[in-house]
Amino acid sequence: MPEQEFTETASKEATVAEINSQTGTITKLQPPAQPQDEWVKYGEQVSTFLATLPDYLGSFFNQYKQPLVTVGLIVGSIVAVKVLLAILDALNDIPLVAPTFELIGIGYSAWFVYRYLLKASTRKELTSEITTLKSQVVGKQIPEA
C-alpha cells in the first residue's frame, strides 16, 4: 500500500499572526457580523406591530362595521345553503326517502289548494294572513286593500 503524503495546513490564527508580523503592514480583522443585533431589531419591529394591532383592528372594525356584517351574513348564508344541500343530498341517497318526501309535498300542496285557493272567502283569509305576517316582519302597519 503506498504511503500517503500529508501536508500541514496552518490554522487561521497562525495566518493572521504571520500577516501582522510583516513590517509595514497592518491588517484589521473585521469582527463577525452580529446576527443577534438583527434579530433584536426584527423582534422590536414585530413587538411594535403586535402592540398596535388591537387598536388598528378596533378602528378598522368600527369604520367598516356595516360592510363587514353584510359580508359575514352573505358568507354565513352561503355556508348554510351548502350544508343544507349536502344534508338533502345525503337523504336522497337513502332508499324510499326521496319518494316519501315527494308524496308529502304533493299531499301538502293538495291540502293548501283545498284549504285556501278554491273559495273566494278562504282566499281573502289567506290575503289577510299574509298582510299580517308582512306587518309583523317589516314592523309597520300596511294598509289593507
Side-chain angles (χ1 to χ4, degrees), residues 1-20 26-145:
M1 193 185 306
E3 193 171 312
Q4 297 179 351
E5 292 184 26
F6 293 103
T7 58
E8 186 175 324
T9 59
S11 67
K12 188 172 185 176
E13 293 81 21
T15 308
V16 171
E18 290 175 5
I19 291 174
N20 285 336
I26 299 176
T27 306
K28 182 176 180 183
L29 294 178
Q30 294 186 4
Q34 301 267 338
Q36 291 178 349
D37 291 340
E38 293 178 17
W39 284 109
V40 169
K41 184 175 75 170
Y42 293 137
E44 288 174 358
Q45 289 176 346
V46 168
S47 164
T48 305
F49 174 74
L50 290 177
T52 60
L53 187 62
D55 296 333
Y56 174 73
L57 289 177
S59 66
F60 180 81
F61 183 75
N62 286 335
Q63 187 176 2
Y64 298 107
K65 183 181 285 186
Q66 186 65 33
L68 288 174
V69 168
T70 304
V71 168
L73 287 174
I74 290 170
V75 169
S77 62
I78 289 172
V79 168
V81 166
K82 289 215 176 236
V83 168
L84 181 65
L85 289 175
I87 290 171
L88 288 176
D89 189 40
L91 286 175
N92 275 338
D93 291 341
I94 301 172
L96 296 179
V97 172
T100 305
F101 283 159
E102 288 179 15
L103 287 176
I104 291 171
I106 291 170
Y108 182 77
S109 297
W111 172 83
F112 186 83
V113 167
Y114 175 76
R115 170 70 175 92
Y116 288 110
L117 300 180
L118 287 181
K119 298 179 185 172
S121 61
T122 56
R123 285 194 298 267
K124 192 170 189 175
E125 179 185 343
L126 177 65
T127 306
S128 68
E129 286 183 23
I130 290 174
T131 306
T132 305
L133 182 63
K134 280 183 186 177
S135 66
Q136 289 175 352
V137 170
V138 175
K140 57 184 174 183
Q141 189 66 25
I142 299 174
E144 293 187 21

message: Please identify which of these residues, Val71, Val69, Thr70, meets the side-chain contact (heavy atoms from CB on, under 4.5 Å) condition with Leu73.
response: Val69
Using atom types as modelled, flag every donor-acceptor pair under 3.5 Å from a side chain in residues 79-96 to any protein atom, sequence neighbours excluded.
none

query: Quick one: salt bridge (Lys or Arg N to Asp or Glu O under 4.0 Å) partners of Arg123, sequence neighbours excluded?
result: none
task: Answer whether the closest heavy-atom distance between the side chains of Lys41 and Asp37 falls below 4.5 Å.
output: no
Sequence neighbours excluded, every pair satisfying side chain to side chain donor-acceptor pair (under 3.5 Å) that has a member inside residues 54-64: none
query: Taking only residues two or more places apart in sequence, or in another chain, which ones meet Val137 in a side-chain contact (heavy atoms from CB on, under 4.5 Å)?
result: Leu133
query: Tell me, which pairs form a ring-ring contact (aromatic ring centres under 6.0 Å, His included) where one or both residues lie in residues 76-96, sequence neighbours left out?
result: none
query: Going by the angle between their ring planes, with limits at 30° and 60°, are Trp111 and Tyr108 parallel, tilted or perpendicular?
result: tilted
task: For residues 96-121, pull every pair meeting salt bridge (Lys or Arg N to Asp or Glu O under 4.0 Å), keeping only residues two or more places apart or in separate chains.
output: Arg115-Glu125
- line: Minimal heavy-atom distance between Tyr116 and Thr122, with the atoms involved, is O-OG1, 3.2 Å
query: Hey, does the side chain of Thr132 reach the backbone of Ser128 with a donor-acceptor pair shorter than 3.5 angstrom?
result: yes
